[in-house]
Amino acid sequence: LKVSNGELVEVKVAEYPKSIKFIREKLRGRRLKENEFYQIVKDVVEGNLTDIEITAFVTALHAHGISIEEAVGLTNSMVKTGETLKLKRKYILDKHSIGGTCGDKTSLILVPIIAATGFTIPKTSSRAITSAAGTADKAEVLMPVSLEIEEMKRVVEKTNGCLVWGGALHLAPADDIFIKIEYPLGIDPLLFPSIMSKKKAIGSTHLVIDIPTGRGTKVKTIGDANYLGKDFIELGKRLGIKVAVAITNGEKPIGRCVGPALEAREALEIFMRKRWKDVEDQIDKAIDIAGILLNMVGVKNSREVALKALKSGKAEKKMREIIEMQGGDPKVRPKDIEVGENTLDFVANSNGSIIWMDTHSIVEIARLAGAPKDKGAGVYIWKKVGEKVKKGERIFTVYAEKERKLENVERYLE
């Protein structure tokens, strides 16, 4: 309030929030209109509702579900109560993964590829909630990611792309408040508005939704992924965003690294055309999704165009431009990225081959080692699905910044 010491202030009892009535109606199962959602979201952002009242709203959405019409109303309300990015570009491309797999560096690789082909991609990303590293955590190893909206705009106008943390931008700020309620309850009723409000706030015109599917992921079956994908496409249509969906294999780690510094290093090696045979799955996924995005805006042979941008070094040059514009070191090399000096090797006790990997356990190991808070913590996977292993060979190595955290890993592995 910026009041001085000793200054007189008048205090009165706050008015009863109008949105309480609408929250009660949602608790009874009634569908809400956009103006009613707007009042709720406005009160959330302005701090007029208690945590209990917000929890009641989130729980009501979880219990009674949310229709497409309600998702549109809630998305628009979340956009109206935050800041928006205004870029004078015909096409604004974007990509979002609903998460659930591990080691996925697709956004880190895709953004410079798209930007290098001349299209605009202002990528806002989240930090890890349950994973070993969110895109913002990985990007932060290479450059600052907590940019203000005007700083983000300046980076995008200069380079065509950016990799920033969405939490610092005040885009759809209600979403961050809702997430704090959803996370401890283990529910996600605002999945659609949460994703689409951030995309609409940055002016996205074309969006690819990546839905990792299979054991160990949020979406277990192709059928469920199809239903989810159709809803995203329909919601996008009503919000004026063209949406395509990529249903991807989430049953195994992508690439060989899990954890912020390890993943950032691997992405840098991919840009520098090193060890491509080791990480073909990661390159394929990034190129495929880049190809889908470019195809949506009329680029012919879009996959080949994306691959050429990566092979030629144009994507690496663009990545270094983005790093420099965001305040990082554009000359950074993989060897400059420090990882935890304490290591633990997990070795095979017999000859054989890897037939399956529990991605959930790999993420848990990386988190026990200190990821994502300790940037240098994580897991390097030496043997992946389909690869042969001899007795005594390393299957994976765990990295930790603090030795005592490896003791937790050992107990977990036992």
Side-chain angles (χ1 to χ4, degrees), residues 14-82 96-100 126-131 134 166-167 170-201 209 211-212 216-221 223-225 227-232 234-236 238-239 360 363:
E15 287 181 21
Y16 193 69
K18 293 176 186 174
S19 56
I20 296 290
K21 176 189 172 189
F22 305 135
I23 292 171
R24 281 182 181 153
E25 288 180 0
K26 191 62 195 171
L27 282 164
R28 294 189 192 104
R30 187 175 84 75
R31 289 191 176 184
L32 300 182
K33 299 188 178 93
E34 185 167 325
N35 65 311
E36 294 169 334
F37 276 123
Y38 177 74
Q39 189 63 55
I40 293 170
V41 173
K42 184 169 173 285
D43 280 341
V44 166
V45 172
E46 291 179 358
N48 297 333
L49 296 176
T50 66
D51 284 351
I52 292 171
E53 288 158 349
I54 300 169
T55 303
F57 174 62
V58 171
T59 309
L61 293 178
H62 176 71
H64 298 291
I66 180 168
S67 67
I68 286 288
E69 290 77 13
E70 286 184 305
V72 171
L74 189 44
T75 301
N76 285 332
S77 300
M78 288 164 75
V79 173
K80 284 177 194 170
T81 50
H96 184 87
S97 172
I98 67 162
S126 58
R127 296 193 184 278
I129 297 175
T130 56
S131 68
H170 308 294
L171 300 167
D175 184 44
D176 300 313
I177 298 166
F178 290 140
I179 286 171
K180 285 177 187 172
I181 302 292
E182 291 174 312
Y183 178 55
L185 294 173
I187 58 176
D188 195 8
L190 285 103
L191 174 70
F192 294 107
S194 178
I195 293 168
M196 299 304 281
S197 61
K198 295 273 171 77
K199 303 310 172 190
K200 193 167 172 64
I209 299 285
I211 307 179
T217 66
K218 294 175 184 175
V219 182
K220 308 298 181 197
T221 69
D224 288 343
Y227 279 122
L228 195 61
K230 283 174 184 172
D231 284 343
F232 269 117
E234 180 60 31
L235 182 55
R238 299 194 190 199
L239 293 168
H360 178 77
V363 167

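In this text, all values refer to a predicted model and were calculated from it rather than measured experimentally.
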Specify the closest pair of heavy atoms between [X] and [Y], including all atoms of both residues, with the distance to one decimal.
X    : Y    : answer
P184 : I181 : CD-O, 3.4 Å
K26  : L61  : CE-CD2, 3.8 Å
P189 : E182 : CD-OE2, 3.3 Å
S197 : S194 : OG-O, 3.3 Å
S77  : V41  : O-CG1, 3.8 Å
L171 : A201 : CD2-CB, 3.9 Å

Problem - K230 with E234: basic N within carboxylate O range, under 4.0 Å - result: no
Practice task
Taking only Lys NZ, Arg NE, NH1 and NH2, and the carboxylate oxygens of Asp or Glu, determine whether D176 and K198 approach each other closer than 4.0 Å.
Solution key: yes
Atom [atom1] in [X], atom [atom2] in [Y]: separation rounded to 0.5 Å?
X    : Y   : atom1 : atom2 : value
I52  : T59 : CD1   : OG1   : 11.0 Å
N76  : N35 : CG    : CG    : 12.0 Å
I195 : H96 : CD1   : NE2   : 3.5 Å
D188 : H62 : CG    : NE2   : 10.0 Å
K42  : S19 : NZ    : OG    : 9.5 Å
F22  : R30 : CZ    : CZ    : 8.0 Å

Problem - Side chain E34, main chain V72, donor-acceptor under 3.5 Å - result: no
Exercise for the section: For the pair K218 (side chain) and I98 (backbone), establish whether a donor and an acceptor sit closer than 3.5 Å, ignoring hydrogens and angles. Expected result: yes
Heavy-atom distance under 4.5 Å between the side chains of [X] and [Y], does that happen here?
X    : Y    : answer
M78  : V45  : no
I20  : L49  : yes
I179 : S126 : no
P212 : V219 : no
E36  : E25  : yes
L228 : I209 : no
R31  : H64  : no

Problem - Passing candidate, side-chain contact (heavy atoms from CB on, under 4.5 Å) with F192, options I68, L239, L235 - result: L235
Exercise for the section: Can you spot which of N48, I54, T81 makes a side-chain contact (heavy atoms from CB on, under 4.5 Å) with D43? Expected result: N48
Exercise for the section: May I have the step-by-step check of side-chain contact (heavy atoms from CB on, under 4.5 Å) for F232 and M196, ending in yes or no? Expected result: CA-CA 9 Å; F232 269 117; M196 299 304 281; 4.1 Å; yes
Exercise for the section: Please state whether the rings of F37 and F57 are parallel, tilted or perpendicular, taking 30° and 60° as the class boundaries. Expected result: perpendicular
Handout entry: Heavy-atom neighbours of K180 NZ exceed 12 at 6.0 Å
Key = no
